[in-house]
Protein chains: 2
Amino acid sequence: MTETFRTELMRGSLDLMILSVLAEGEKYGYLIQQSLRDSSHGRADPKAGTLYPLLQRLENEKLIRSRWESETGRRRKWYSLTAKGKKKLQVQAEEWFELTACLEKLLKPVVQISPKPA
Amino acid sequence: MTETFRTELMRGSLDLMILSVLAEGEKYGYLIQQSLRDSSHGRADPKAGTLYPLLQRLENEKLIRSRWESETGRRRKWYSLTAKGKKKLQVQAEEWFELTACLEKLLKPVVQISPKPA
DNA sequence: TCCTATATATAGACTTCCGATACATCAGGC
DNA sequence: GCCTGATGTATCGGAAGTCTATATATAGGA
């Protein structure tokens, strides 16, 4: 809470990733983990010990809500975005694009030296 | 050291930013701070208490080297990339572009809903 | 003289993320 | 029936990053 918004963004894009994955529809924890891993081709792969506390935090912040799946023996907790979460996602996504653009400008000259043929 | 490379990347792009700023040429701490703030239009603005320990860490990892400016009364410690630092910057920059591309794909549908006229 | 900008540095607190561990269900092999 | 692995959620302890606050010192302007 003491942190500025932009610091969060630098710190980790994980919140943002979770929110954007949930924007696709209601998901439970294990499914979120898989979605993220798949869509990033394994690059983003938060562990269970990271994911579940994070989901609790997001729920405490009223950005997502949850419901337990009954009926089946499987214990599944389904998460979905709240209105506040959707709003947050939009704002944060826009900020992310801005910061990314800045870093891209910094990094372009770096990577362009690399693929140069001898 | 226990962390994977991609975790670092998610955690914060700060290392990457510092290295890329130093790729422009030798700089001292305060100057690095300003360069970064300026080039990101204030979005990335690491504090002194963040920056100096970070620089020490990068130097311990032999990614940058430093020399004290003598002659003047001003105490200035000039930092520059080592060969290892340049290599690291290139590799990490490429990874950054890959991860960014994935996140962009996730976020595109989110932000495109926003500017839509009613 | 006092205040601000410049310049580097450390200490303490807070947050994030991970690895390890625990527990429960279900499917398949033997 | 038993074992193993994938599924599914959760907590704990620790490592690491970043912040705020603080300290010190020089330079320049009001």
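Values below: all heavy atoms of this structure, side chains included; hydrogens, waters and symmetry mates excluded. Protein chains get the first letters and strands the later ones, always in sequence-line order, with residue 1 at the start of each. None of these values were measured; they are calculated from a predicted model.
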Output a table of nitrogen or oxygen pairs between the protein and nucleotides 10-13 of chain C separated by less than 3.5 Å.
unit_1, atom_1, unit_2, atom_2, d
dT10(C), OP2, Gln56(B), OE1, 3.4
dT10(C), OP2, Gln56(B), NE2, 2.8

Enumerate all atom pairs, one protein N or O and one N or O from nucleotides 23-25 of chain D, separated by less than 3.5 Å.
none

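With respect to the salt-bridge test (charged N to carboxylate O, under 4.0 angstrom), the residues Lys88(A) and Asp15(A) do not qualify. No salt bridge links Lys84(A) with Glu61(A); every basic N to acidic carboxylate O contact stays at or beyond 4.0 Å. A salt bridge does not link Glu69(B) to Arg75(B): none of the charged side-chain nitrogens sits closer than 4.0 Å to a carboxylate oxygen. Using a 4.0 Å cut-off between charged nitrogen and carboxylate oxygen, Lys47(B) and Asp45(B) count as a salt-bridge pair.
At the heavy-atom level, Leu51(A) lies nowhere under 4.0 Å from the strands shown. Across all strands shown, Trp78(A) has no heavy atoms under 4.0 Å from either base or sugar-phosphate atoms.
Two residues are said to be in side-chain contact when any heavy atoms from C-beta on lie closer than 4.5 Å; Leu63(B) and Leu81(B) fail this criterion. Side-chain contact check for Ser66(B) versus Trp78(B): every heavy-atom pair is 4.5 Å or farther apart. In this structure, the side chains of Leu55(B) and Ile32(B) come closer than 4.5 Å at one or more pairs of heavy atoms. Contact annotation: the side chain of Tyr30(B) approaches that of Tyr52(B) to within less than 4.5 Å [non-hydrogen atoms, C-beta and beyond]. Between Leu36(A) and Leu51(A), the closest side-chain pair of non-hydrogen atoms is not below 4.5 Å.
Distance CD (Glu59(A)) to P (dA10(D)): 9 Å, rounded to an integer number of Å. Between the CD atom of Glu69(A) and the P atom of dT9(D) there is a distance of 9 Å, rounded to whole Å. Going from atom CG of Asn60(B) over to atom P of dA16(D) covers 13 Å, rounded to whole Å. Asp45(A) places its CG atom 13 Å from the P atom of dC17(C), with the value rounded to the nearest Å. The nearest whole Å value for the distance from the CG atom in Leu58(A) to the C1' atom in dA10(D) is 16 Å. When rounded to the nearest whole Å, the span between CG of Leu55(B) and P of dG17(D) equals 13 Å. Atom CD1 of Ile18(A) and atom C1' of dT16(C) are 13 Å apart (whole Å). In this entry the distance linking NZ of Lys47(B) with P of dG17(D) reads 19 Å, nearest Å.
When every heavy atom of Ala48(B) is checked against every heavy atom of Pro53(B), the shortest pair comes out as O-CD, 3.9 Å.
For Lys86(B), the NZ atom counts as loosely surrounded, since its 6.0 Å shell holds 12 or fewer non-hydrogen atoms of other residues, nucleotides or ligands.
Within residues 29-37 of chain A, no residue is approached by DNA chain C to less than 4.0 Å at the level of any non-hydrogen atom.
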